[in-house]
There are 2 protein chains.
Amino acid sequence: MTPLSDRGLEFSQLLVEVFRVNGLLLAAGDELAAPAGLTSARWQVLGVVDHGPSTIAQVARTMGLTRQAVRQTATSLVRDGMIVFQDNPHDRRAKLLALPPRGRSALRRVERRQAQWADELAARISLAELRAVTGTLRDLGDLLEDR
Amino acid sequence: MTPLSDRGLEFSQLLVEVFRVNGLLLAAGDELAAPAGLTSARWQVLGVVDHGPSTIAQVARTMGLTRQAVRQTATSLVRDGMIVFQDNPHDRRAKLLALPPRGRSALRRVERRQAQWADELAARISLAELRAVTGTLRDLGDLLEDR
DNA sequence: GGCAGATTGACAAGTACCTGTCAAAATCGC
DNA sequence: GCGATTTTGACAGGTACTTGTCAATCTGCC
């Protein structure tokens, strides 16, 4: 009925696994971030801002999201005191997002937990396998981007 | 600062690739489904119902989502005539979702496009690589599920 | 200096998920 | 058969994204 080749079928199974692992990783990220009062999305924004004060548009470009998405997350972070707006001497429109102590310590807390989590999981998979799967996924990503 | 081992670092790169490929696959799915007036989510629901009339709760279990998510999608599909509710002789609460001709033809159209797309992409990656990456991802998924 | 075009943050509305809650209906235990 | 438990659809509200639009501001060109 759906005339899939052997490869097409194998490929379909890969899709399912990517979706599944993606969902599990997101859930794991939220779990790691929760004790610090964060979520995956909020944590990622803090991570970018940690590299230096940035505008909403800059963070969006770094994360591969739209300005609108970052703005929403940033607004909620400001509301919770995890992030502050600073005036930007170079652009009157685009205020800079910066990390106050409260945001910095929340970020550090999640980073510690994440490092331990990553090490634990990585220890259960051989380095060769890890590299192989990353490489293949990167190729697949490039293929998908080309179209 | 973040005390990641070599493996932990390699693992972090894998995370990034999984997120990237996931996003690209979702976008590709929406593109495949759009000409038939569908989205990835709507298409998936039609795909499940194609196997036989099912209740919202059954579809949710099959897709690994909550009933609430499926209900939302199903409601919009009913609004567009892609799906119809049938009375369920076995349960007065849970009506059955069924595929009228309009939904069936939309589904077939997407399936044809999807099969061609999957074959094209799969042809560019060796079968061995495809199997290896699927296997490793499955192991990783199992690992993540265990915690 | 001044104007065209690009960039930016804000706002609105939509999609796709989630958790929590509720009442109705089905199922299970006795 | 009857009461306790489970399942179900519906509703409310929240998160994390998207596209489209707008006015303010910045930038590049002449």
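Residue numbers start from 1 in every chain, and the chains themselves are labelled A, B, ... in the order their sequence lines are given, proteins ahead of strands.
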Q: Check DNA chain D against residues 32-43 of chain A and give the residues with a non-hydrogen atom under 4.0 Å, in numerical order.
A: A:T39, A:A41
(Q) Quick test of your reading: applying side chain to side chain donor-acceptor pair (under 3.5 Å), list the pairs with at least one residue in residues 123-134 of chain A, sequence neighbours left out, ordered by first then second residue. (A) A:E129-B:T136, A:R131-B:E10
**Q.** For B:R92, all residues meeting salt bridge (Lys or Arg N to Asp or Glu O under 4.0 Å), sequence neighbours excluded
**A.** none
Show each protein N/O and nucleotides 24-26 of chain D N/O combination with a separation under 3.5 Å, one pair to a line.
residue	atom	partner	partner atom	Å
D:dT25	O2	A:R93	NH1	2.8
D:dC26	OP1	A:R92	N	2.5

Q | Selection residues 10-43 of chain A - residue pairs positive for ring pair (Phe, Tyr, Trp, His ring centres under 6.0 Å), sequence neighbours left out | A | A:F11-B:W117
Q: Strictly below 4.0 Å, heavy-atom distances to any atom of DNA chain C: list the hits from residues 18-29 of chain A, or just say none.
A: none
Please set out all donor-acceptor pairs under 3.5 angstrom arising from side-chain atoms of residues 73-81 of chain A, sequence neighbours excluded.
residue	atom	partner	partner atom	Å
A:T73	OG1	A:A69	O	3.3
A:T75	OG1	A:R71	O	2.7
A:S76	OG	A:R42	NH1	2.6
A:S76	OG	A:T73	O	3.3
A:D80	OD2	A:R42	NH2	2.8

Sub-3.5 Å pairs of nitrogen or oxygen atoms, protein against nucleotides 18-22 of chain C:
residue	atom	partner	partner atom	Å
C:dC18	OP2	B:T66	N	3.2
C:dC18	OP2	B:T66	OG1	2.7
C:dG20	O6	B:Q68	NE2	2.8

Q) Do any of residues 78-89 of chain B sit with a heavy atom less than 4.0 Å from DNA chain C, and if so which? A) none
Q) Does B:L24 have any side chain to side chain contact (heavy atoms under 4.5 Å, CB included) partners at least two apart in sequence or in another chain, and if so, which? A) A:L144, A:E145, B:R20
Q: Provide, to the nearest angstrom, the distance between the CG atom belonging to A:L96 and the C1' atom belonging to C:dG9.
A: 13 Å
I'd like a table of donor-acceptor pairs (distance under 3.5 Å, sequence neighbours excluded) in which one partner is a side-chain atom from residues 26-36 of chain B, with atom names and distances.
residue	atom	partner	partner atom	Å
B:D30	OD1	B:S40	N	2.9
B:D30	OD1	B:S40	OG	3.1

Between the protein and nucleotides 3-5 of chain D, which nitrogen or oxygen pairs are less than 3.5 angstrom apart?
none

